[in-house]
Every structure is written in structure tokens, then in C-alpha cells.
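The first residue in the sequence is number 1, and the count goes up from there.
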Amino acid sequence: MPYGIGLIGNRAHQNTYGPILHDRPDCRIVAAAEHSAEKGAPLERAYGVECLRDYNAVMEDPAVDIVSIATDFYLKRPLIKKAIECGKHILIDKPLARTVREAREIADAARHSAVKIVLSYPQRFDAATAELARRLKRPECGRVVSYTHHFVRQFPDSDLMQYVSYPTEPRINGGGELMNLGSHPVDFLYGVYGMPKRVYARFETAYWPEVYTALGTEDMAFLLCEYDGFTATIVTGRNKVTEEGMAAANSLEVVCQGEHMRVEGDLFTINGVPTPVAPTDYPGADGCVGHLIDCIERDEVPLTGIENGVAVAELTTAAYQSAQSGTFVELPLRDDRHPQIADDEQLIDGLLD
């Protein structure tokens, strides 16, 4: 019998993961929910299921085995907790939560649960980036002196909102592009090296001030993550370009003793020489879904699970604190408050739209 899939929300990347789940022979979309009727209608048209306004009704549906949660970030804490309570496996469109408090509460709810929870970080499953991660984790890898990751999406010089459903104010999604695009390189860095000792961040509204300035958020983020012996640099956000169809800037370079390793797209080079990488059955977004199914059937711990989600929340919150103070912020955090969100909204219950 195929897994019964419930689609929760139609924000961000449900239009990425819904089609993947729909096309898999071992999955069948049987239910959907979105509190906005306007956003829910496309799910009905695409998958031939009634899109309910009540999220709980889908998670309580006995025909549903897996839920794909793609909502505004502030809704994830109650929805993930409800899915865990109902025994549903979960695919979550990144990140796990807006705030550290939300992330830790989710982790507490999941601690003794048998459900499998996978955060959708496709770079972990691309062949070239997976090969780089394997090499960096090998004991024989030389001392690292430099790590730089550029992850910048590029959009034509026009109305940004034609192309994206973001940005939103921090109380809804926790901030600007560090919370959205930036969670990808932050997750990858944590997956390779764990938590840094301290973080320094600088934010800019460099290319889309007409959108981001009014919301008080950043379209570009610059992070320095300090480890023993080296500092990792992350540059992430949205760039304004003059041509349609220009590819995202996604390059990752690591210099270590005897090797300069670089990933750009599908190309992996060592000291400038293209190097073969092990193929993957499910690259990118397909890998996130395939990994969840594998973890369910093999009873394995997910590669991009709750632990990573909490770590990303802590690291990004430290970055927002650093950008506000202009100083390095040490990890683990002494103060878990997100500085762009009011104290009484570090946790939110109820709808904001």
C-alpha cells in the first residue's frame, strides 16, 4: 500500500514537494489543508483532493501517514507538535522554526516519538556537495584554513514579488533572507563541522530596498562562524540582475592542507581538476523525500532531522543578535531571544493572516 500523504499549507515549497510526492509510486496524496482559500485552491486543482481550512482534520485523518508541512514559519511549532501527537511522519519545508524557543519546544515534543522528521535541505543530497561533506569529515583530511559558501539567488530587475512569496515581517517568518535562503548554507556548515564557537553577522538591504526596508529585514546576510583553527564565511541572500533566467550563485570553496576543493553546481574540483563524485539515487529535492521514506522503512535517524533544525535556529538567532549589537555572539546562546521579535511573540498560537 502506498503512503497516504497530507499536504499542510501551500506556502514556500509545497509546489516543489507536492509534485514529487504525487509522482512517487509509493505515495498517494489523500488530503490537504490551507487556511487561506486563495492559496488552497491550487492544491485542489493539482491533486484532486478537497483542501480543508482545518489543519488538524488532515493530521487526524487515519488515511494520512506522512504530512508535508509548508506554511509560514510561525505556524510550524503547533503543526509539527500536532503531527507528532497524531503519529504522522513529517517532511518540513525549511527551517524548523522562527525562534530558538519554538525549535526547542518542537524538539521536546519529538524526543520520545517514533515518527521520522526530515527538514528539506536539498544540498545535503546533491552528489557534489555530499562528496565534499564526506571528504571534509574524513580523518585524513588536512587542516582547514578557509571555508566560503556563496548562496545567492538572482532575480530580474523588476517586481520581486512576481517571483517569490517572501519576504514577510519578522514576526511571521523570523527575519529576512538569512531565515529563508540562508538556512541552507547554515545547515550544511553545521552538518560538516557542528556548532561554531561564536558568530559575527552583518546584514544589508542591498538590492531590494523597496521591499525589505519597509519590513526591517535584510536581502543579504554575511556571517563569520568561528571554529577552532579557522573561520567559515557564508554570504547569502537575493541579488538583482538584468537578465531573465540567470542561475543562482551557489559555490562552496574549502582550502585545506594540500587541497583546494570547490563545488559549483554539479561540478566538483580538487586543485582545479574536475573530480568524479559518487552518484545519488535521489538528488536535490527528490533526495529529501527519498531520505524520509528510507528513514521510515529502515528505521534510521534522519540526516537532516530535529537536531539540525534546533542548531540552525540557534545559529541564525545568534547572527541576528550579532547584527544588532555589532559584536561576536558566543555559542551556545546565553540569551535565546530573537532580537527582531517581541518577547510576547517568541512563541505564537493562532493565525496572523
Are [X] and [Y] close enough that some pair of their side-chain heavy atoms sits under 4.5 Å apart?
| X | Y | answer |
| --- | --- | --- |
| M195 | P332 | no |
| L252 | Y147 | yes |
| L119 | D187 | no |
| I293 | I66 | yes |
| L178 | L223 | yes |
| F151 | L181 | yes |
| L267 | P274 | yes |
| R171 | L352 | yes |

For this session: State which residue, out of N180, T217, N173, D353, fulfils the side chain to side chain donor-acceptor pair (under 3.5 Å) condition with T168.
Result: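 Running side chain to side chain donor-acceptor pair (under 3.5 Å) over N180, T217, N173, D353 with T168 returns exactly one hit, N173.
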For this session: Apply side chain to side chain contact (heavy atoms under 4.5 Å, CB included) to N250 and Q123, showing your working.
Result: CA-CA 10 Å; N250 184 15; Q123 289 187 45; 3.9 Å; yes
Should [X] and [Y] be regarded as members of a common hydrophobic cluster, given that ILVMFWY residues are connected when their side-chain heavy atoms come within less than 4.5 Å of each other, either directly or indirectly?
| X | Y | answer |
| --- | --- | --- |
| L347 | I306 | no |
| L52 | L7 | no |
| I20 | I296 | yes |
| Y74 | L215 | no |
| I29 | M59 | no |

For this session: Please list, chain by chain and in numerical order, all residues satisfying salt bridge (charged side-chain N to carboxylate O under 4.0 Å, His left out) with D26, sequence neighbours excluded.
Result: R24
Please name the pair of heavy atoms, one in [X] and one in [Y], separated by the smallest distance, quoted to 0.1 Å.
| X | Y | value |
| --- | --- | --- |
| Q321 | D336 | NE2-C, 4.4 Å |
| C225 | V199 | SG-CG2, 4.4 Å |
| G191 | R124 | CA-NH2, 3.4 Å |
| A232 | F230 | N-CD1, 4.0 Å |
| S183 | K94 | OG-CD, 3.4 Å |
| C51 | L43 | SG-CD1, 4.0 Å |

Looking at [Y], is its backbone amide N or carbonyl O close enough to the side chain of [X] to form a donor-acceptor pair, meaning the two atoms are under 3.5 Å apart?
| X | Y | value |
| --- | --- | --- |
| K88 | V58 | no |
| D65 | G4 | yes |
| T317 | A313 | yes |
| S120 | I92 | yes |
| K39 | N10 | no |
| Q346 | H338 | yes |
| T148 | T233 | no |
| T316 | M179 | no |
| R262 | G272 | no |
| N271 | G258 | yes |

Exercise. How far apart are the C-alpha atoms of L96 and V310, what are their side-chain angles, what is the distance that settles it, and do they pass the side chain to side chain contact (heavy atoms under 4.5 Å, CB included) test?
Worked result: CA-CA 7 Å; L96 178 64; V310 174; 4.2 Å; yes
Problem set entry | E300 and K116: CA distance, side-chain angles, deciding distance, salt bridge (charged side-chain N to carboxylate O under 4.0 Å, His left out) verdict | CA-CA 8 Å; E300 294 178 347; K116 303 301 180 184; over 6 Å; no
Can you measure from [atom1] ([X]) to [atom2] ([Y]) and round to the nearest 0.5 angstrom?
| X | Y | atom1 | atom2 | value |
| --- | --- | --- | --- | --- |
| I5 | R28 | CD1 | CZ | 10.0 Å |
| L136 | C256 | CG | SG | 6.5 Å |
| I117 | E307 | CD1 | CD | 13.0 Å |
| N56 | E85 | CG | CD | 8.5 Å |

How are the rings of [X] and [Y] set to each other: parallel, tilted or perpendicular (split at 30° and 60°)?
| X | Y | answer |
| --- | --- | --- |
| F328 | Y200 | tilted |
| Y193 | Y227 | tilted |
| F125 | H291 | tilted |

Is atom [atom1] of [X] surrounded by more than 12 heavy atoms (other residues, nucleotides or ligands) closer than 6.0 Å?
| X | atom1 | answer |
| --- | --- | --- |
| E210 | CD | yes |
| N15 | CG | yes |
| H35 | NE2 | yes |
| R138 | CZ | yes |

Is any NZ, NE, NH1 or NH2 atom of the basic residue among [X] and [Y] found under 4.0 Å from an Asp or Glu carboxylate oxygen of the other?
| X | Y | answer |
| --- | --- | --- |
| R135 | E131 | yes |
| E102 | K76 | no |
| R238 | D219 | no |
| R198 | E330 | no |
| R104 | E314 | yes |
| E105 | R77 | yes |

For this session: Using the side chain to side chain contact (heavy atoms under 4.5 Å, CB included) rule, take V312 and Y121 through it: C-alpha gap first, then chi angles, then the decisive distance, then the call.
Result: CA-CA 12 Å; V312 169; Y121 285 113; 4.1 Å; yes
Problem set entry | With I8, the side-chain contact (heavy atoms from CB on, under 4.5 Å) member among V67, V64, I80, I90 | V67
Between [X] and [Y]: side-chain donor-acceptor atoms closer than 3.5 Å:
| X | Y | answer |
| --- | --- | --- |
| S68 | Q14 | yes |
| E177 | Y212 | yes |
| E253 | H260 | yes |

Exercise. Quick check, are the ring centers of F203 and Y320 under 6.0 angstrom apart?
Worked result: yes
For this session: Any chance you could lay out the side chain to side chain contact (heavy atoms under 4.5 Å, CB included) test for E297 and Y3, step after step, and finish with the verdict?
Result: CA-CA 11 Å; E297 296 184 346; Y3 293 101; 3.0 Å; yes
For this session: Find out whether the Lys NZ or Arg CZ of R202 is both under 6.0 angstrom from the six-membered ring centre of F222 and within 45° of the ring's axis.
Result: yes
